[in-house]
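Notes for the one structure printed next.
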Amino acid sequence: MEAKSILSKLIPYKQGKQTKEIQEEFGLNRIVKLASNENPYGYSDQVKKTLLQALPDFNIYPDGYTAELRTVLAQKLEVEESRLVFGSGTEEIIQMLCRTYLVPGSNVVTPAPTFGQYKHYSLIEGAEVKEIEVTADGYHDLDKMLDAIDEKTRIVWLCSPNNPIGTVIPKESFEAFINRCPKHVLVAFDEAYFEYVDPKANIDVLSFLENHNNLIVMRTFSKAYGLAGLRIGYGIANRTIIEKVNVVRGPFNTTSIAQQAALVALTDQTFIKDTYEKNKAVKATFEKFLKNIGWKYFHSETNFILVETPISGLDVFQYLLERGFIVRPGELLGMPNTIRVSLGTEEDMKELQHVLLELHNEAIEK
Ligand SMILES: *Cc1c(COP(=O)(O)O)cnc(C)c1O
């Protein structure tokens, strides 16, 4: 048997060690996971209550059209229902876009570093991936990205806030970009961390949908809504894009329980506001700590911070791991000598800061 030849150059997603394994290996009582930008405050109590009261009929296929959630979400976003598509996480929307638009010989343009799945799924469809390094302060280099676009470009991936850096694309830059971007190129705008962005930095990307038929915005219930384990996200675009993606989409790609949970989660905006406020406070405290010890970090509009480390990010990762904290070494994300720290609860961050300070003092002594 012969698989697609590109697959021999790619590897399956490697998830981090499970917390139980690490606990046993280092004899730790407790592990704090600050590696996947999950919501440390869980998810809305109302979701739990609703699901405990009545579970969906698991013997019945889910509503493939996601009608109930679609109606409520469309109202909230003030877009027509036909402009929405749902996926098993944003992840699946990304995959579906690649299947819909990419052919061997085509290409895509992405920032670097960014979320790895744009490249992964683009390569699987046989497209070439043009990676444009972010600026020194961690912003998309939109001019260079425009220059990289040619007649074979099918998708340009934008990630705002950009994972693993945390920066957002400023409004004026985006406006200039999309006005100059050729119409044959799909602009895929990933806003997985939308709910964490300071209102002052929000560029209201949905307002661009009216005049730009080549734009799709992607969001998710996995991050601020805290429903990562249920796998549900969505895309907002004009109808011609949605119609094409719907051909590629599996008929029952989101589960009934995910649809129901997302529906309830949407109506509990108090939880989102609370998450936003807590995250903002923790971020400010952590930034102050980093300033005090003189470690640089990138501007973050989200629930993680990319921190520059005085030694290899892999070594900092290992040091923290042995003391019960899981972060992501920048070496694995295309940013050597950094770590990406998901912002946890106030108490967990206090302990992390304590351990980082020890590491800092040891590093200075050496
Ligand atoms: C976490 C993340 C996603 C994946 O979200 P799911 O909805 O859980 O698939 C997508 N894009 C970015 C930038 C992310 O960080």
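Start at 1 and go down the list; that is how both ligands and their atoms are numbered.
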**Request:** Run the numbers for me: atoms of ligand 1, each under 4.0 Å from some heavy atom of Asn163, listed by number.
**Result:**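 Close to Asn163: 13 (C), 14 (C), 15 (O).
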**Request:** Run the numbers for me: atoms of ligand 1, each under 4.0 Å from some heavy atom of Asp190, listed by number.
**Result:**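 Contacts of ligand 1 toward Asp190, numbered from 1: 10 (C), 11 (N), 12 (C), 13 (C).
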**Output field: ring centroids Tyr225/Phe271 closer than 6.0 Å** =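 When the ring centroids of Tyr225 and Phe271 are compared, they turn out to be at least 6.0 Å apart.
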**Message:** Under the side chain to side chain donor-acceptor pair (under 3.5 Å) definition, can you give me all pairs with a residue in residues 48-77, not counting sequence neighbours?
**Reply:**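 Only Thr71-Glu81 qualify under side chain to side chain donor-acceptor pair (under 3.5 Å).
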Part of [X] with heavy atoms under 4.0 Å of ligand 1, whether side chain, backbone, both or neither:
{"X": "Thr90", "value": "both"}
{"X": "Phe221", "value": "neither"}
{"X": "Cys159", "value": "side chain"}

**Asked** Between Glu92, Glu91, Lys223, which one has a non-hydrogen atom sitting closest to atom 3 (C) of ligand 1?
**Response**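 Result: the heavy atom closest to atom 3 (C) of ligand 1 is in Lys223.
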Answer yes or no for [X]: is there a heavy-atom contact with ligand 1 below 4.0 Å?
{"X": "Arg231", "result": "yes"}
{"X": "Gly89", "result": "yes"}
{"X": "Asn37", "result": "no"}
{"X": "Ala228", "result": "no"}

**Asked** How are the rings of Tyr118 and Trp157 set relative to one another: parallel (under 30°), tilted (30 to 60°) or perpendicular (over 60°)?
**Response**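 Parallel.
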Among all protein heavy atoms in this structure, tell me which lies nearest to [atom], with the distance rounded to 0.1 Å.
{"atom": "atom 8 (O) of ligand 1", "answer": "Ser222 OG, 2.6 Å"}
{"atom": "atom 15 (O) of ligand 1", "answer": "Tyr193 OH, 2.6 Å"}
{"atom": "atom 7 (O) of ligand 1", "answer": "Thr220 OG1, 2.5 Å"}

**Asked** Looking only at heavy atoms, which two atoms of Val316 and Ile339 are closest? And how far apart?
**Response**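 Reported closest heavy-atom pair: CG1-CD1, 3.9 Å.
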**Message:** Ignoring hydrogens, what is the shortest heavy-atom contact between Asp190 and Phe115? Give both atom names and the distance.
**Reply:**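 Taking every non-hydrogen atom into account, OD2-CD2, 4.3 Å.
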**Asked** If you measure from the Lys or Arg side-chain nitrogens to the Asp or Glu carboxylate oxygens, is any gap between Glu38 and Lys223 under 4.0 Å?
**Response**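 No, this pair does not count.
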**Message:** Donor-acceptor pair, distance only, cut-off 3.5 Å: does the side chain of Glu131 make one with the backbone of Thr110?
**Reply:**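 Side chain of Glu131 to backbone of Thr110, a donor-acceptor pair under 3.5 Å: no, none is there.
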**Prompt:** Counting distance only, does the side-chain N/O of Asn214 pair as donor-acceptor with the main-chain N or O of Val185 below 3.5 Å?
**Reply:**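 Indeed, once roles are kept as given, a pair shorter than 3.5 Å links the two residues.
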**Request:** Report the residues that fulfil salt bridge (Lys or Arg N to Asp or Glu O under 4.0 Å) with Glu25, sequence neighbours left out, ordered by chain and then residue number.
**Result:**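 Scan of Glu25 (salt bridge (Lys or Arg N to Asp or Glu O under 4.0 Å), adjacent residues dropped) gives Lys17.
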